[in-house]
Protein chains: 2
Amino acid sequence: MARTFRSLRRQNLSAQVVREIGLSIMRKEFQPGDALLSEPELSQQFNVSRPVLREALKVLAEKGLIESRPRTGTRVRPRTDWNLLDPEVLTWQYEVGPDPAFLEAVCEVRLMFEPMTARLAASRATAEEIETIERACGRLEELVEEAEPYIEADLAFHSAICAAAHNELLQRIVATLAAPLRASRLVTARLPGANRRTMPLHRRVAEAIRQGQELAAEEAMRELIVLTTEDVHRALGYSGTGPDLSLSTCPGQGEAPATAREGGE
Amino acid sequence: MARTFRSLRRQNLSAQVVREIGLSIMRKEFQPGDALLSEPELSQQFNVSRPVLREALKVLAEKGLIESRPRTGTRVRPRTDWNLLDPEVLTWQYEVGPDPAFLEAVCEVRLMFEPMTARLAASRATAEEIETIERACGRLEELVEEAEPYIEADLAFHSAICAAAHNELLQRIVATLAAPLRASRLVTARLPGANRRTMPLHRRVAEAIRQGQELAAEEAMRELIVLTTEDVHRALGYSGTGPDLSLSTCPGQGEAPATAREGGE
DNA sequence: ACCGTTAAATTGTATGACAATTGTGGAGGC
DNA sequence: GCCTCCACAATTGTCATACAATTTAACGGT
């Protein structure tokens, strides 16, 4: 076969193999029970050496997608074992086709931790962090009519608040959720006026944090998340109107996965 | 040299190297800026071949601990880039010495997720899942005087509730947090009577979920987490420096707005 | 002093061979 | 005929070595 997929030399060979196999797993091309050819066969199929392939399998095993044992070969693990918090797994998940149920899950999770994150931020933010938050809020207002730039600004806003909460675990969770968040934003971006509708709440959140009003910040953030959740529901509700509603705006296969660099600013 | 660490042959060589290097990074034996010998040197130091070492480095890079580039070598990344949600990273974190600040972070995150998880469980649990939860609660009562077995039963209890919430993202988060949770439990286990003190709340949570009382389940779970957080503080010798998070209100979206505002119970 | 070229060091990749592990099937015994 | 045990084969695990690609840094030319 000599699959000529070694074209984009932007990254390691093993990384390309990882992506390739990972995507095919996401596409459910293998039953969770058993599958995947042997290492020599796979290395021949991808036209890479066995050490390279083994590095790739190691990474995939690290993500919980596969499991290798002598004699048995490498088998695809059930979906419940997949590390859904892994940025790459999340990205692949959306490349093969965004799942409304998963978007719903993301909204629920946001509703769980973002309000209290805002509360902690109101309690702990330093002057500098408050400044960062307000600046992010300002950019949000400037870009209210834009589409993709607004999404980035929105992520920056929430990320700044999370940083001000001074909880490194939380920070990690938000960084990890950046990928699906971006995806959900791409869904809601086509709703006219959605950005403008949530703007007052953004302002209220920033203001409450600045004044150290914990409960107000928490409540404003909760309303904000509820609003965006409604937007997601509405966006998913009238699915099928536009031709390219499948959020093809993802960086996708042309480049290296853009989400490999998270840690939002 | 020839470090005789290849003793426990129960797992792969690369896995042992991963653990070894990972732990030394956790011990802050390297500055975040730069460090780590070259691959040939490392492979000699650990007495393994270079492919094996490379597989190990690949895994460590996957966990965000290091970054390899040609000519520059592999450098240790700053702590903000660690994948704190990785079970192994979490485990190592506690092996090198449990960090009170991190335990505090875990408690905060729990307080964010678990109440609403209980609420969702009350809303969505099937008869079978309810059965599982109640059985876990029963085991909890049996083991109330034990130490380690109780911890496992407690984890099973919360895990069962999480499964009943039908949110795979949430499930992943809770599964990931199992490691630090276990650690925090080991801290509080030395407090006499702590298990017995939280028992009524466990029962209340299970009962509320069984009867589908969403708000009651949420509130009971919140109280439960607050209680265990207090236990952690007492075990660590804290004196109430943290913010008072006990009255976090959560009037959910479409539900009955029957929650008390500020002012306690 | 500045810029381009070269060179060395490190990771990246390839090849081939051998050891360790384990599930399967077959041979032998009951 | 059925069960037990053992040997075998297939697959991953490990090793050694060589070479290519990349990138930084030094060096020399202008």
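Every chain is numbered from 1, with letters handed out A, B, ... down the list of sequences.
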From [atom1] of [X] over to [atom2] of [N], roughly how many Å is that when rounded to an integer?
X	N	atom1	atom2	answer
B:Q11	D:dT12	CD	C1'	16 Å
A:N12	C:dT11	CG	P	13 Å
B:L37	C:dA9	CG	C1'	14 Å
A:E39	C:dT21	CD	C1'	13 Å
B:F46	D:dA16	CZ	P	16 Å
B:L42	C:dT10	CG	C1'	12 Å
B:E55	C:dT11	CD	P	16 Å

Does either side chain, that of A:S38 or that of A:E41, offer a donor lying less than 3.5 Å from an acceptor on the other one? yes
Answer yes if the side chains of A:H166 and A:E129 hold a donor-acceptor pair under 3.5 Å, and no otherwise. yes
Under 4.0 angstrom between [X] side-chain N/O and [N] OP1 or OP2:
X	N	result
A:T72	C:dG23	yes
A:S49	C:dA14	yes
A:R54	D:dG13	yes

Choose from [options] the nucleotide whose nearest atom is closest to any side-chain atom of [X].
X	options	value
A:R50	C:dT13, D:dG13, D:dC15	D:dG13
A:V52	D:dC15, C:dA14, C:dG23	C:dA14
B:L13	C:dT10, D:dC15, D:dT12	D:dC15

Between the CG atom in A:L60 and the CD1 atom in A:I66, the distance rounded to the nearest 0.5 Å is 4.5 Å
Just by distance, do the side chain of B:R75 and the backbone of B:E67 share a donor-acceptor pair under 3.5 Å? no
DNA chain C contacts among residues 63-71 of chain A, heavy-atom distance under 4.0 Å: A:R69, A:P70, A:R71
Under 4.0 Å between a Lys/Arg side-chain N and an Asp/Glu carboxylate O for B:R185 and B:E148? no
Heavy-atom pair of closest approach, residues A:V76 and A:Q31: CB-O, 3.9 Å
Residue pairs fulfilling side chain to side chain donor-acceptor pair (under 3.5 Å) with at least one residue in residues 90-99 of chain B, sequence neighbours excluded: B:R19-B:E95
